[in-house]
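All remarks here apply to the structure that follows.
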Amino acid sequence: MFEEGNRLKEEFGADAVFDFTLGNPDLDPPEQLLARLRELTQQAPDGLHRYMQNAGWPHVRESVASHLERRTDLPFAGNHVVMTVGAGGALNTLLKAILNPGDEVIVLSPYFVEYQFYIDNHRGVMVQVPCDDTFAPDPVALRSAVTPRTRAVLINSPNNPSGRVYSHEELERTCTALSAAANEHGSPIYLITDEPYRKITYGAECPEIPQYYKDTVVVTSSSKDLGLAGERIGYLAISPEAADADELAAACTFCNRTLGFVNAPSLFQLAVADCLDVSVDVDRYRTRRDLLHEHLVGLGFEIPAPEGAFYLFPKCPIDDDTKFVRELMEERVLVVPGSGFGTPGYFRVSYAVPSDVIERSLPAWSRVAARYPQLAAT
Ligand code: PLP
């Protein structure tokens with residue numbers, strides 16, 4: 001898709017191609033973050049540019065722990081927080097720490113495409129459990145997917161690619177099913193909650209997962225909510241109630257080092273520690289979502305509730321999502337087939353693009369939709 005998109009841009013000019021493929025946030029970081037960066041570079045604290053503890057600056061980890069304690073009412077501790085190279089770095093660090101070769105990690109489809117590679121990196125086996133028709137977790141399917149090799153379940157809400165935010169009731173049912181399975185299992189099953197889009201929601205409440213399941217590890221980053229994807233800063237935080245929390249924190253610290261990350265970027269650890277409650281202007285994403293969502297629904301596309309993140313995940317009018325994506329490409333609209341997210345028959349549209357790109361793309365969407373009378377009938 002990427003190559004083909006570049007070819008089209010060369011042939012027709014970048015303005016004539018509507019590229020909705022990448023989840024690369026285009027909103028600038030908030031002023032509070034930029035001001036803190038200016039301050040840190042003009043009056044640099046001692047040792048700013050040196051190595052520090054592999055888990056990160058102690059006071060930064062304490063700030064993250066206090067932030068999580070306020071949110072969850074659970075006594076998170078600084079020594080159970082590891083600052084990481086984005087959420088991707090956090091997931092790799094954690095999977096390296098917990099997986100033996102052949103151990104299984106359950107993911108709910110649709111899922112973030114990189115999960116497969118991250119799990120492979122550490123010789124784990126990814127087990128897909130499809131969500132229900134509304135893209136909520138299916139507790140019965142989850143429970144029956146647990147085997148003696150299950151080491152972790154990886155969930156992501158707000159979800160990439162579906163935009164779904166799991167509700168209180170859905171999480172309660174899911175975590176009850178997982179706890180029951182874990183009790184029979186005999187050893188802990190970690191619930192990894194990957195939540196880089198937590199602050200990007202449009203009215204839906206995003207429940208705190210450590211309140212539902214004790215063996216939880218929170219993974220996140222500032223890539224999306226502070227618009228810092230290129231700076232590679234994030235963290236993992238082990239619930240104070242999790243099994244072997246001290247040992248797991250030590251293992252993650254070791255793996256953060258030996259995977260070659262060594263430590264998360266120093267300057268950005270310090271900058272984000274003062275912006276844990278701050279985010280980009282989410283209303284700008286909401287405006288784009290509404291514009292595109294309204295147009296596509298008006299054309300007859302079925303789109304499950306996009307309550308968070310910056311993606312729509314419409315159903316294709318035909319079963320073959322790759323074929324449909326190619327037809328969109330003929331109109332120079334670039335999107336990603338749902339098969340890449342473990343969910344054929346759908347496609348992902350990222351609206352982390354300027355509003356004028358969305359506006360200019362609307363006639364192209366209409367032209368493609370006009371080829372499918374079944375859309376007009378829905
Ligand atoms: N998890 C999900 C669900 C994502 O969508 C992404 C990035 O798109 C990541 C993790 C990786 O984020 P980061 O840039 O912080 O590594």
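All values derive from a computational prediction rather than experimental measurement.
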For Glu10 and Arg7, what are the C-alpha separation, side-chain angles and deciding distance, and is it a salt bridge (Lys or Arg N to Asp or Glu O under 4.0 Å)? CA-CA 5 Å; Glu10 260 176 39; Arg7 194 192 62 72; over 6 Å; no
After noting the C-alpha distance and the side-chain angles of Glu195 and Lys224, does the key distance pass the salt bridge (Lys or Arg N to Asp or Glu O under 4.0 Å) rule? CA-CA 10 Å; Glu195 38 192 66; Lys224 318 288 174 172; over 6 Å; no
Could you please spell out the steps behind the side chain to side chain contact (heavy atoms under 4.5 Å, CB included) verdict for Arg289 and Leu312? CA-CA 8 Å; Arg289 177 198 67 153; Leu312 300 181; 4.3 Å; yes
Side chain to side chain contact (heavy atoms under 4.5 Å, CB included) between Tyr115 and Ile192: does it pass, once the steps are laid out? CA-CA 12 Å; Tyr115 289 164; Ile192 305 170; over 6 Å; no
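Residue Asn263 holds its CG atom at 11.5 Å from OG1 of Thr253, rounded to the nearest 0.5 Å. Between atom CZ of residue Arg367 and atom CD of residue Glu331 there is a gap of 4.5 Å, rounded to the nearest 0.5 Å.
Applying the ring-ring contact (aromatic ring centres under 6.0 Å, His included) rule to Tyr118 yields no partners; only residues at least two apart in sequence or on another chain are considered. Partners of Lys214 by side chain to side chain contact (heavy atoms under 4.5 Å, CB included), not counting sequence neighbours, listed by chain and number: Glu241. Tyr346 meets the ring-ring contact (aromatic ring centres under 6.0 Å, His included) test with Phe135, Phe313; sequence neighbours excluded. Here Glu327 pairs with Lys323, Arg371, Tyr372 under the side chain to side chain contact (heavy atoms under 4.5 Å, CB included) rule; sequence neighbours left out. Remark: Phe347 pairs with Phe301, Phe324 by the ring-ring contact (aromatic ring centres under 6.0 Å, His included) rule, at least two apart or across chains. Residues that satisfy the side chain to side chain contact (heavy atoms under 4.5 Å, CB included) test with Arg232, not counting sequence neighbours, are Val85, Ser223. His67 meets the ring-ring contact (aromatic ring centres under 6.0 Å, His included) test with no other residue; sequence neighbours excluded.
Of all the heavy atoms in Pro158 and Thr201, the pair that sits closest is CG-CG2, 3.7 Å. Nearest heavy atoms, Leu228 versus Pro29: CD2-CG, 3.9 Å. The two residues Phe12 and Ala16 make their nearest non-hydrogen contact at O-CB, 3.5 Å. Here the closest heavy-atom approach between residue Ile189 and residue Asp215 is recorded as O-CB, 3.7 Å.
Counting only heavy atoms from C-beta outward, the side chains of Val368 and Val333 never approach each other to under 4.5 Å. In this structure the side chain of Asp26 reaches within 4.5 angstrom of the side chain of Pro354, judged on heavy atoms. The shortest distance between side-chain heavy atoms of Val217 and Ile98 does not fall below 4.5 Å. Ser366 places a side-chain heavy atom less than 4.5 Å from the side chain of Leu299. Residues Val17 and Arg332 form a side-chain contact, since some pair of their non-hydrogen atoms from C-beta on lies under 4.5 Å apart.
Under the 4.5 Å side-chain heavy-atom criterion for ILVMFWY residues, a single connected hydrophobic cluster contains both Val325 and Val353.
Counting only residues at least two apart or in different chains, ring pair (Phe, Tyr, Trp, His ring centres under 6.0 Å) contacts with residues 175-234 comprise His168-Tyr212, Tyr197-Phe310, Tyr197-Tyr311. Evaluation of the salt bridge (charged side-chain N to carboxylate O under 4.0 Å, His left out) test over residues 344-363, restricted to residues two or more places apart or in two chains, returns Asp356-Arg360. A salt bridge (charged side-chain N to carboxylate O under 4.0 Å, His left out) check over residues 134-158, counting only residues at least two apart or in different chains, returns the pairs Asp103-Arg149, Arg143-Glu184.
Within a 6.0 Å radius of CD in Glu4, more than 12 heavy atoms belonging to other residues, nucleotides or ligands are found. Atom CD of Glu247 sits in a sparse spot, with 12 or fewer heavy atoms from other residues, nucleotides or ligands closer than 6.0 Å. No more than 12 heavy-atom neighbours from other residues, nucleotides or ligands sit within 6.0 angstrom of CG on Asp133.
When atom types are taken as modelled, the side chain of Thr84 and the backbone of Gly234 share a donor-acceptor pair closer than 3.5 angstrom. Judged by distance alone, with hydrogens and angles left aside, the side-chain atoms of Arg288 form no donor-acceptor pair with the main-chain N or O of Ile358 at under 3.5 Å. Formation of a donor-acceptor pair under 3.5 Å by the Thr193 side chain with backbone atoms of Ile209 is not found in this model.
The hydrophobic cluster analysis finds Leu22 isolated: no Ile, Leu, Val, Met, Phe, Trp or Tyr side chain comes under 4.5 Å of it, directly or through other members.
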With a 3.5 Å cut-off and sequence neighbours excluded, list the donor-acceptor pairs that the side chains of residues 40-55 form with protein atoms.
unit_1 : atom_1 : unit_2 : atom_2 : d
Thr41  : OG1    : Leu37  : O      : 2.9
Thr41  : OG1    : Arg38  : O      : 3.0
Asn54  : ND2    : Val262 : O      : 3.0

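Between Trp57 and His59, the two ring planes are tilted [angle within 30° to 60°].
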